[in-house]
Number of protein chains: 2
Amino acid sequence: MITVLLADDEHLIRGAVAALLGLEDDLEVVGEVARGDEVAAAVAGSDPDVAVLDIDMPGADGLTVAEELRDAGARCSVCVLTSFGRPGYLRRAMAAGVRGFVAKDAPTEELAAAIRKVHAGGRYLDAELAASAMAAGDNPLTQREREILRLVGAGTETSRIAALLRLSEGTVRNYLSTAMAKLGEPNRVAAVRAAREMGWI
Amino acid sequence: MITVLLADDEHLIRGAVAALLGLEDDLEVVGEVARGDEVAAAVAGSDPDVAVLDIDMPGADGLTVAEELRDAGARCSVCVLTSFGRPGYLRRAMAAGVRGFVAKDAPTEELAAAIRKVHAGGRYLDAELAASAMAAGDNPLTQREREILRLVGAGTETSRIAALLRLSEGTVRNYLSTAMAKLGEPNRVAAVRAAREMGWI
DNA sequence: CGTTCGGCATGACATCTGTCATCCGCGCCG
DNA sequence: CGGCGCGGATGACAGATGTCATGCCGAACG
């Protein structure tokens with residue numbers, strides 16, 4: 001029997017996935033949490049074989065949590081679940097020692113298959129996702145560029161961003177300009193959208 | 001036995017919800033589709049008692065589909081499933097004759113309960129959602145403002161928006177200005193974010 | 001009927017944004 | 001060591017953005 005911990009912020013989805021896994025004879029859901037920052041405690045408490053983490057969560061996102069678990073030397077394997085085909089996430093997940101990567105629009109059987117494979121010490125990559133990650137290539141954005149794109153995406157004014165990062169406004173605009181050039185987008189709104197889509201911010 | 005049609009673009013989630021509903025003795029999932037524009041055909045084909053529609057779907061969003069079903073005089077009741085607490089969606093759903101409205105982060109039991117209630121001719125509203133809808137009030141944006149916010153959100157340049165809508169650029173900026181004022185946001189990015197959050201675009 | 005109001009539309013103006021040339025500092029390699 | 005490339009940082013400038021005053025039209029109302 002493989003024990004599983006589920007982390008996803010949407011209660012209904014979490015329950016539905018639990019129901020799905022419950023249909024498998026060799027899988028047992030031993031814990032559920034709604035926030036990234038609750039995962040560590042739950043892993044310590046219920047000691048699951050595999051942790052299934054959604055990426056978009058309040059508290060801490062799934063990838064950050066995976067990095068924490070690796071650094072803490074946790075016993076359990078990690079399987080990440082992602083909404084869209086954000087290729088950039090895959091690299092970070094790999095770096096965090098995640099061995100399972102499943103897209104939410106993958107066929108139903110894939111999740112259980114991924115959990116088994118990961119628990120056996122293997123890797124599981126959604127084929128579509130892996131392909132789009134190859135196609136997209138590396139994240140070309142620097143730390144500063146990502147930071148500023150994130151703030152712009154939150155609707156922050158340029159002046160506030162400059163103050164927050166102790167930069168001149170011109171510098172902030174300049175980072176945005178290089179980011180827009182790298183992404184091939186004509187303005188900040190499009191750049192934020194594109195970077196989000198790629199999983200680069 | 002209540003027959004159910006599921007519409008959600010994420011395969012895994014759709015399968016998981018189907019598994020969840022499969023646990024209920026009186027519910028049977030008789031069809032699944034991944035796109036809004038496939039719903040009408042599936043309803044005609046499998047003649048379900050209740051259609052469970054996600055709002056965010058390619059092809060046509062859940063609310064548009066609900067309006068279509070109502071206009072076509074479809075027999076089946078509709079239960080809408082929504083990701084975030086986008087209060088603005090609720091009003092549109094009500095107007096479209098939707099009688100069930102469930103948030104994806106609602107407790108697991110709520111979906112089955114909503115389906116039964118809706119099938120019996122009653123209404124089902126997620127309490128949290130209803131409360132936030134009351135708090136948020138009406139959508140203050142005009143048709144034009146919504147149209148332009150949507151285009152800006154897609155990263156379209158002002159000049160292209162003007163061309164698309166046969167307006168002068170100044171007019172486009174003006175609609176954005178009034179939208180920003182109504183939303184209390186300082187720039188277009190923030191305005192788009194706020195409007196999305198409220199379910200107003 | 002006249003008035004009033006809200007949505008639509010425009011141009012002019014001040015401000016903000018995006019681009020460019022430039023400089024600094026650091027790590028790397030011949 | 002000297003030179004090169006890259007990320008970080010800046011200010012100046014042209015062009016895009018946000019605001020404002022204004023006008024038009026149709027619906028609502030006395």
Side-chain angles (χ1 to χ4, degrees), chain A residues 88 91-92 95 136-201, chain B residues 88 91-92 95 136-201:
Chain A
R91 262 162 215 283
R92 221 181 119 200
D138 264 351
N139 184 344
L141 303 172
T142 67
Q143 177 61 29
R144 270 287 199 241
E145 287 158 3
R146 281 195 299 264
E147 224 170 338
I148 289 177
L149 277 176
R150 256 194 301 270
L151 286 167
V152 169
T156 320
E157 302 106 304
T158 306
S159 59
R160 183 178 300 273
I161 296 178
L164 239 48
L165 303 182
R166 314 290 167 82
L167 297 176
S168 89
E169 295 197 24
T171 306
V172 172
R173 293 201 299 277
N174 195 15
Y175 283 123
L176 276 170
S177 180
T178 59
M180 289 183 290
K182 286 175 179 176
L183 296 167
E185 298 290 345
N187 59 54
R188 49 180 71 196
V189 195
V192 167
R193 224 186 46 75
R196 283 226 182 92
E197 205 133 281
M198 295 297 232
W200 286 341
I201 58 170
Chain B
R91 261 162 215 283
R92 221 181 120 200
D138 263 353
N139 183 344
L141 303 172
T142 68
Q143 177 62 29
R144 270 289 198 241
E145 287 157 1
R146 281 195 299 265
E147 225 169 339
I148 289 176
L149 278 176
R150 255 193 301 270
L151 287 167
V152 169
T156 321
E157 302 107 302
T158 305
S159 58
R160 182 178 301 273
I161 297 177
L164 239 50
L165 303 182
R166 315 288 168 82
L167 295 176
S168 88
E169 295 197 23
T171 305
V172 172
R173 293 200 297 275
N174 194 22
Y175 282 123
L176 277 170
S177 180
T178 59
M180 291 183 288
K182 285 175 180 177
L183 296 166
E185 300 290 343
N187 58 54
R188 49 180 71 195
V189 195
V192 167
R193 225 187 44 75
R196 283 227 182 91
E197 205 133 281
M198 296 297 234
W200 284 341
I201 57 171

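Letters go in sequence order (proteins before strands), and every chain restarts at 1. Side chains are part of it too, since the values below use all heavy atoms of this structure and drop only hydrogens, waters and symmetry mates.
- Two residues, A/Val172 and A/Pro140, neighbour DNA chain D, and the one matched to the more 5' nucleotide by heavy-atom proximity is A/Pro140.
- From B/Arg188, atom CZ reaches atom CG of B/Leu176 across 5.0 Å, with rounding to the nearest 0.5 Å.
- At D/dG8, one or more side-chain N or O atoms of A/Thr142 fall inside 4.0 Å of OP1 or OP2 (strictly under the cut-off).
- Counting to the nearest Å, the C1' atom of D/dA16 and the CG atom of B/Asn187 are 14 Å from each other.
- Between the OG1 atom of A/Thr158 and the CG atom of A/Leu167 there is a distance of 12.0 Å, given to the nearest 0.5 Å.
- Atom-to-atom, CD of A/Gln143 to P of D/dA9 comes out at 11 Å; the value is rounded to the nearest Å.
- Contacts of B/Arg173 with the nucleic acid, taken as non-hydrogen atoms under 4.0 Å apart, include base atoms.
- Of the residues in residues 145-171 of chain A, A/Leu167, A/Ser168, A/Thr171 come within less than 4.0 Å of DNA chain D through at least one heavy atom, sorted by number.
- In this model, no side-chain donor or acceptor of B/Asn174 finds a partner on the base of D/dT19 within 3.5 Å.
- With hydrogens and angles ignored, the 3.5 Å screen pairs a side-chain donor or acceptor of B/Thr156 with a backbone N or O of B/Leu151.
- Residues A/Glu147 and A/Leu165 meet the side-chain proximity criterion, which asks for heavy atoms closer than 4.5 Å.
- Taking 4.5 Å as the limit, every side-chain heavy atom of B/Arg196 sits out of range of all side-chain heavy atoms of B/Arg193.
- One distance of note links CE of B/Met198 with CG of B/Asn139; it measures 9.5 Å at 0.5 Å rounding.
- In this structure, the separation between CG on A/Leu164 and OG on A/Ser159 is 10.0 Å, given to the nearest 0.5 Å.
- Put simply, chain B comes within 4.0 Å of DNA chain C, heavy atom to any atom, from C/dG7 to C/dA12, going 5' to 3'.
- Counting to the nearest Å, the P atom of D/dT17 and the CZ atom of A/Arg188 are 10 Å from each other.
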**Request:** Take B/Leu141 and B/Leu149 through the test side chain to side chain contact (heavy atoms under 4.5 Å, CB included) and record every step on the way to the result.
**Result:** CA-CA 10 Å; B/Leu141 303 172; B/Leu149 278 176; 3.7 Å; yes
